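Some notes on the structure that comes next.
If you're wondering where the values come from, they're calculated on a predicted model, not measured in any experiment. Scope of the values below: all heavy atoms of this structure, side chains included, with no hydrogens, waters or symmetry mates. Labels below follow one simple rule: chain letters A, B, ... track the order of the sequence lines, proteins then strands, and each chain is numbered from 1.
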Amino acid sequence: MQKYNPQKTELKWQKFWEENKIFSAIDNSKKQKKYILVEFPYPSGAGLHMGHLRPYVAGDVVARFNRMKGFETLFPMGWDAFGLPAENYAIKMGVHPSITTASNIKNAKRQIQSWGLSFDWNREINTTDPEYYKWTQWLFLQFYKKGLAYEATGLINWCPKDKTGLANEEVIDGKCERCGTAVQKKELRQWYLRITAYAEKLLEGLKNLPEWPGAVKLQQANWIGKSTGAEIKFGIHQPSVKRFVLLHGRGSSPEESFLPWLKNKLEKLGYEVQVPAMPGGDEPSDLEQVDFVKKNCKLDESTVILGHSFGGIVALRLLEQGIKVNKVILASTPYLGRFSDGKARKSVVEAIQRGFDFKKIKAQAQNFISISDETDHVVPLADGQSLAKELNGLWLKQVATKSHFDGNEEPFLLENCAPSIKVFTTRPDTIFGATYMVVAPEHPLIQNYESRITNYDEVKKYIEKAKGKAEMERTAEGKEKTGVKLKGLFAINPATKEEVTVWVADYVLGHYGTGAIMAVPAHDERDFEFATRYNLPIKQVVYPVVNIDEKNTITLKTYEDHADKYIQRTTRGVDGVFKQWVDDFLKKIKKTDKILELGSGRGLDSDYIESRGYKVERTDAAESFISYQKGLGKEIKKLNAFTDKIDLNSYDLIFANKVLLHFNREQFKLVVAKINLGLRDNGIFALSLMDYKKATEHFVKDPKMESLRYFKFWKKNEVEEELKSLGFEIVDYMEKGFNDDGFQDILFVFKKTKSVAFVDYGLVINSDKFNGLKTVEAIIKMGEEFGKLTVQYKLRDWVFSRQRYWGEPIPLIHCEDCGIVPVPEKDLPVMLPKVKKYEPTGTGESPLANIKKWLKTTCPKCKKTAWRETNTMPQWAGSSWYWLRYADSKNKQKFADMKKLKYWQPVDIYFGGMEHTTLHLLYSRFWNLFLYDQGLVSSKEPYTKRHPHGIILGPDGEKMSKSRGNVVNPDEVVKSHGADTLRMYELFLGPHEATVSWNDKGVVGVKRFLDRVWTWVNEIVEAPHQKIRKSENRKPEIKDTEKVQRAMHKLIKKITEDIENFRFNTSISAFMEFHNEIKDEFITLESITQFLILLHPFAPHISEELHQIVGKSQNRKIKSLQQTSWPIFDPALTVSSTVEIVFQINGKVKGKITVPAGSSQEVVQAQVVVMEVVKQALVGETIKRVVFVPNRLMNLVI
RNA sequence: GGGCGAGUGGCGAAAUGGCAGACGCAAUAGCCUUAGGAGCUAUCGAGAGAAAUCUUGUGAGGGUUCGACUCCCUCCUCGCCCACCA
């Protein structure tokens, strides 16, 4: 027998597989396909590590298994080779990244091959290969052409060390994901991919991925962060404007186009609105109309005139005649006398030809706005522009709802009459409580209203400071909210019509929602904190009611279901224990104090307190709160009704009686919150509670008390914590012994330390006609009334440019005349130029900007000199479509052929790390969905099944890192024990998805197992020529023993099912168990072969070698085990012929008997009852019940 | 603060309603050996006992069940992800 030499055999078989092309997948094969994918690595200088090994080995087991199951199996590999390390190395050493990349790839490939992974290297790809990135660029252009790639200047995450912009997803805890440097905000011109356009599709698509782990789907859903609510506009208060005069156009009337709508809107905002029905019909005279308006309308310096079309001419005439107004808005007003549709309009031309005294007109109003419709079929844009110029006013272009601003609703005109701040809220039901507004520092409003904001310098300073803060600082936990009031600026709450102040504060984020909020301090924790700090008004508009939750269901359901079972509490007198602690407690309060008892109508406690000379008021003396008969929701309602009528602030002490502790957590919170909302700041109240621990025992004996199970039994620390969260602090605490009933009474004295916002659902109050609505209903009703219901996503657009060298150049050209022009397909790829210096400029420009020769090009459209885009793509670009390329990696005409895509797509199983959930996995779904919409790929979702893996920690249980010195190098394990041992031990460590730590000592266990298998097989094969063997039984046999047969089928079943369920760790155990069990049995060489087939996916080399040894002994021609087929098990043989049956008495194990498998209950019972232990136990008892589980157990209940 | 997941020997872990600790590591004893970082045999949760055996035991408490590591409720601890998202 030769010694097992893994290093030698492994090299031999790796060579064999390669030479015989064992792993090549055939496109469009007749066989059914399986596409097994593992995330391709970044080939770093350090080589591949354990983190790579884990998914790769798992993928390899599954791939080899599927090949043997007869599937055409695609298991490809490639290199995600763009990225910073190669570039940083280039900066340091001056070596071109492509050189380092190539040598790193060579090394990584050597490693992978040494692990015996069955990748199809014919399909190898490399993202930095121009043949590959040509298509990355081409795909980018598809996004660009559909308007999903756009350029914008914005505040982006900037890593000062890597000197590049980062995507939102690349910022972890305010630090650069790659280098850990604190991320800054920087204003830069960037390319974005409009992933937000796919937010809903990406979210919806998750529903069609039943084979994805719930955690992954949930994380993506949370990242997309859909929330429903309403967009509501808060008008900006215009102190100098009181009324509007709306002048209709030629041939129109106050009842036409947008006028009725606008009138209504403005009146709702509290303005006076006049819409004169001017005479003249289709051929009006401007002068006649001016006279009419003068006579019928009030015009003064607090009036704004909006003139639509011809009405604009009338407006100007009014001013010309000396009428002073606040502001004039002209919408689609003709001026030049020629019309877009070429039609003649006599009266209009006549009026214009009279000319205007613009000098005089300008003096009559402070502001002029001229608004043009970009789609106007009557008045050309030039008219509006010229008017604005003559009037020295503002010219605004907009697409009207209907051409010539003739729509029934023209929001843009409204916005100019009454400018507003748009907010997004999930709680429109609390709008009556919106007592101020906050805009983010980035909000454009601030700049737009520079002239109105009287403390602009202060505001500006605050904004600068906020910008300078790293994201980390700005969002740091426990950080106090700061802000500055925008003095001189007020907004109008559309519900209350009240003026509210407007603030700028960095607790409002510029990039979420509309960048502005309505602040409802009474019902939002953040607003509450801010309002408290700056002394802003707090108005309660939600009433805490017990039985309404988010889903509008009644919390007390279970409770009420069992209400009829509730027992009446027995009357009992004031016991000694109670007396004692009340006496103790009363020493602390004065006889003159006002005391209120909430809760018990029976008044046990208050009776006693009164008897000691105190005056106690009761909630309701006539009716008992502790009547459990009718359900408990009632009591809370009663309690709330009572506390509504009285001023809780006027009491010095409030007892909230025992009844409170019967409620579950939510109800308890609400009751206390209710008290809290009314309590004065330094009030005290006492809460007497019972600990039911002992009481339960008492009740257990009495079946009538069963319903107590539904009570919440409070513990002291629970109450303490609960009250703390509601803003109370324990002042005193008294606990007494158990009373006769087994109850323990506890007295708590709390002091209110702070008020808190009530953020839960309830009933609407203080909100006019909405009062009494459930908040869930009010959200819809009030959202529709004051704004419109909308959806918001947390997901932000993907910053898709990097200011670095080593990435795919963005294939666009900037031309002075033609703007941005895509590089024509025939000119792709845009190759990365050779440079001398890779150093990023640090100014936000890519190093490519310094290469003048490359930069300068000609415009593909007009052939004039133009400049290339200098930004490169992020590392995620290449991996966003790579699995598609594997299907057709050598295609020169297309990124992939549709027929091949149809055959291979989608990926059946995708192995990878959890850390890519919101990065690569989301990005690539986005690309795939987009390409699907373009008809470029065949499958809507790219991956049918995703299987994430846990990380491998070092032997010390810490994350492997060079600095900790706990890195286990897989190559060294290969060197010392061989790849098969490495693979099997890695799988053996624990469940694939669990975090495990590598134990250096444990490896030998697997090595020993493989050694034993080696010896076992060799001894049997060589037995006829060998004298000394481990066991006399070790020789080739004609027939397996029954034990072997059954063990073999059990093993086939176990291994097959384990691979299908990714439970590799228990597979390894099963092999060991099998070997331990049958190593000294008679076994045939056929069975040994079968064992080797099963072992093959896990330990491919040793299994091939032993298979060859067995084959040679039989003079069989050997082939690779990959070409054999996976065995099928006989279910009948997977169980042993005899089984041990455990017998129990009342669930306690008394012993076991051995019976033939499948024995009936009668047979087993007959044997069990005669057992000595059973006989003894049965003396004087009868068997009440027999539980029999075939082949397993018998339980006698006596 | 929110979400998700996990707690089982000295260690990695198995068992997902039916004998808790399979399998492996470490440890202990013995055999073999010039030797052992090789191999083989046996023991190996804790407590009691010479032993058979008994008791107890899966983070804590409670519940459901003939029977609970497993299901339900409450809590504690740890890990991961997100985090001023209106």
Nucleotide [N], atom [atom2] - distance to [atom1] of [X] in whole Å:
X: A:Phe1009; N: B:G39; atom1: CZ; atom2: P; value: 14 Å
X: A:His1075; N: B:G24; atom1: NE2; atom2: C1'; value: 15 Å
X: A:Met1072; N: B:G12; atom1: CE; atom2: P; value: 17 Å
X: A:Trp223; N: B:C80; atom1: CH2; atom2: P; value: 17 Å
X: A:Gln219; N: B:C4; atom1: CD; atom2: P; value: 12 Å
X: A:Glu1073; N: B:A22; atom1: CD; atom2: C1'; value: 5 Å
X: A:Asn999; N: B:C23; atom1: CG; atom2: P; value: 18 Å
X: A:Asn1065; N: B:A13; atom1: CG; atom2: P; value: 9 Å

Of the nucleotides [options], which one has an atom closest to the side chain of [X]?
X: A:Lys1152; options: B:C81, B:C19, B:C66; result: B:C19
X: A:Val996; options: B:C19, B:A26, B:A13; result: B:A13
X: A:Ser227; options: B:C4, B:C84, B:A86; result: B:A86
X: A:Ala215; options: B:C4, B:G24, B:G18; result: B:C4
X: A:Val1187; options: B:C66, B:G24, B:A13; result: B:C66
X: A:Val1149; options: B:C25, B:A13, B:C19; result: B:C19
X: A:Lys1001; options: B:C40, B:C25, B:A13; result: B:C25
X: A:Lys1079; options: B:U41, B:G24, B:A86; result: B:U41

Residue pair [X] / [Y], side-chain heavy-atom distance below 4.5 Å:
X: A:Trp998; Y: A:Val1003; value: yes
X: A:Leu1094; Y: A:Leu1051; value: yes
X: A:Pro948; Y: A:Glu993; value: no
X: A:Ile1055; Y: A:Phe1071; value: yes
X: A:Thr917; Y: A:Gln220; value: yes
X: A:Arg427; Y: A:Ile779; value: yes

Open item on the list: Once hydrogens and angles are ignored, does a donor-acceptor distance under 3.5 Å link the base of B:A22 to the side chain of A:Ser1069?
Closed with: yes
Task: Donor-acceptor pair under 3.5 Å, A:Lys1184 side chain vs B:C66 base - done: no
Please determine, for [N], whether a Watson-Crick or G-U wobble partner exists with both distances under 3.5 Å, and give it or none.
N: B:C84; value: none
N: B:C4; value: B:G79
N: B:A48; value: B:U53
N: B:G67; value: none
N: B:G12; value: B:C23
N: B:U28; value: B:A42

Would you tell me if any nitrogen or oxygen in the side chain of [X] comes within less than 4.0 Å of OP1 or OP2 on [N]?
X: A:Arg1063; N: B:A15; answer: yes
X: A:Arg1185; N: B:G67; answer: no
X: A:Arg1192; N: B:A15; answer: no

- [ ] On RNA chain B, check which nucleotide each of A:Asn1076 and A:Lys481 is closest to and give me the residue with the more 5' one.
- [x] A:Asn1076
Open item on the list: Reading RNA chain B from 5' onward, which residue's closest nucleotide shows up sooner: A:Leu989 or A:Val1004?
Closed with: A:Leu989
Open item on the list: Just confirming the chi classification of B:G9, syn or anti, using 90° around 0 as the syn window.
Closed with: syn
Open item on the list: What's the gap between B:U58 and B:C80 when it is taken at their P atoms, as a whole Å value?
Closed with: 27 Å
Open item on the list: Is there a side-chain hydrogen bond (donor to acceptor under 3.5 Å, both in side chains) between A:Tyr507 and A:Asp527? Walk through the geometry before answering.
Closed with: CA-CA 9 Å; A:Tyr507 83 91; A:Asp527 298 342; 2.8 Å; yes
